[in-house]
Number of protein chains: 2
Amino acid sequence: MLSISLASPVPIHDQIVAGLRRLIATGTLTEGDELPPVRQLAADLGINFNTVARAYRELTDMGLILSARGRGTVVISATERPSGRPAEERRRIESTIAGALADARLAGFSPDEVRSMVDRQVQALWKP
Amino acid sequence: MLSISLASPVPIHDQIVAGLRRLIATGTLTEGDELPPVRQLAADLGINFNTVARAYRELTDMGLILSARGRGTVVISATERPSGRPAEERRRIESTIAGALADARLAGFSPDEVRSMVDRQVQALWKP
DNA sequence: TGACAATGTATCAATGAGTGATACTATATG
DNA sequence: CATATAGTATCACTCATTGATACATTGTCA
């Protein structure tokens, strides 16, 4: 449900943030849902709980979750206020996709394979 | 033609590798083309030339370019031998795309917008 | 041919982000 | 009220990234 890669160059806390944002984006997590305690999630992932705490703090700053001592952490919003201007956001996303597609081409995937791959994911994401 | 972000968590040499791979994948750079000297590209990007040298070395290990002292660096292949097993490669690419799509959804893009965005890029990438 | 310029390579040092260990504070619950 | 559970704060360590410097190889031109 939430996996990380210790080998990846992207920091673990960033991976956790991205993963949870994705779960929220897909509706797997919605307003009111509780997140696991930092120590438990850390144990599940095999990392230090401070790293999870940091991820929770960043998600808190984004206004997606709310943490309180002793009470735990809950999702408070399923829609995030875009941080940058839409045009910038679009460029950022296009750039990420472009990178992935270039990888796919170098790896020998065909355009149809890629398109169907994307289609399946789009349907899954925007389904509800 | 090749831009990097010092603020990004992903290392500069990785960004350079990704950028050049992308230029090769798109055909902007093809077999026989010369890459700028490490010192020049480093100056253009405002970074240390060792960082560029490291990127060149990694691309050399991938079999995409060839460097020689005094002579410079040239592109020797437009197709890369996949390093990992196809299944892993596929999972990696799918995961990258999934992240980008989740971002897109959180940013408020519609499925159609995303699909057309991808379509345009796929056509551009696989055009030749 | 010889001197010099241009290019990539090797090695080591410094910096800093990420991660982890530890102690602390607040809330819930019996 | 006592204890367990949860998040927070602070500090130290490690390691990758980056940069500085010196070196080796090839090209060029007088």
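Every value quoted in this text rests on a predicted model; they were computed, and no experiment measured them. Letters go in sequence order (proteins before strands), and every chain restarts at 1.
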Ion pair check, Arg21(B) and Asp103(A), cut-off under 4.0 Å: yes

Rounded to whole Å, how long is the line connecting atom [atom1] of [X] with atom [atom2] of [N]?
X	N	atom1	atom2	answer
Arg57(A)	dA9(D)	CZ	C1'	9 Å
Ile4(B)	dT17(D)	CD1	P	15 Å
His13(B)	dT18(D)	NE2	P	6 Å
Ile65(A)	dA6(D)	CD1	C1'	13 Å
Ile16(B)	dT18(D)	CD1	C1'	11 Å
Asp14(B)	dT17(D)	CG	P	7 Å
Phe49(B)	dT18(D)	CZ	P	15 Å
Ile47(B)	dA16(D)	CD1	P	20 Å

Considering heavy-atom distances to DNA chain C, does Gly72(B) or Arg54(A) have its closest nucleotide positioned more toward the 5' end? Gly72(B)

By nearest-heavy-atom nucleotide on DNA chain C, the more 5' of Ala53(B) and Arg71(A) is Ala53(B)

Could you state the interatomic distance from [atom1] ([X]) to [atom2] ([Y]), rounded to the nearest 0.5 Å?
X	Y	atom1	atom2	result
Ile65(B)	Ile24(B)	CD1	CD1	7.0 Å
Trp126(A)	Phe109(B)	CH2	CZ	9.0 Å
Ile12(A)	Asn48(A)	CD1	CG	9.5 Å

Given the rule that I, L, V, M, F, W and Y join up when any side-chain heavy atoms are under 4.5 Å apart, are Ile4(B) and Val10(B) in one cluster? no

It should be established whether [X] places a side-chain nitrogen or oxygen under 4.0 Å from OP1 or OP2 of nucleotide [N].
X	N	answer
Thr73(B)	dT7(C)	no
Asn48(B)	dA20(D)	yes
Thr51(A)	dG18(C)	no

In this structure, which one of Asn50(B), Val52(B), Thr51(B) forms a side-chain contact (heavy atoms from CB on, under 4.5 Å) with His13(B)? Thr51(B)

Any heavy-atom pair between the side chains of Gln15(B) and Pro11(B) that's under 4.5 Å? no

In terms of side-chain heavy atoms of Arg39(A), which of dT7(C), dT22(C), dC24(C) is nearest? dC24(C)

Among the nucleotides dG7(D), dT10(D), dT18(D), whichever has the atom closest to the side chain of Pro11(B) is dT18(D)

Nearest-nucleotide 5' precedence on DNA chain D, Arg69(A) against Ile12(B): Arg69(A)

Taking five pairs at each end of the helix from dT1(C)-dA30(D) to dG30(C)-dC1(D), what angle separates the two helix axes (nearest 10°)? 10°

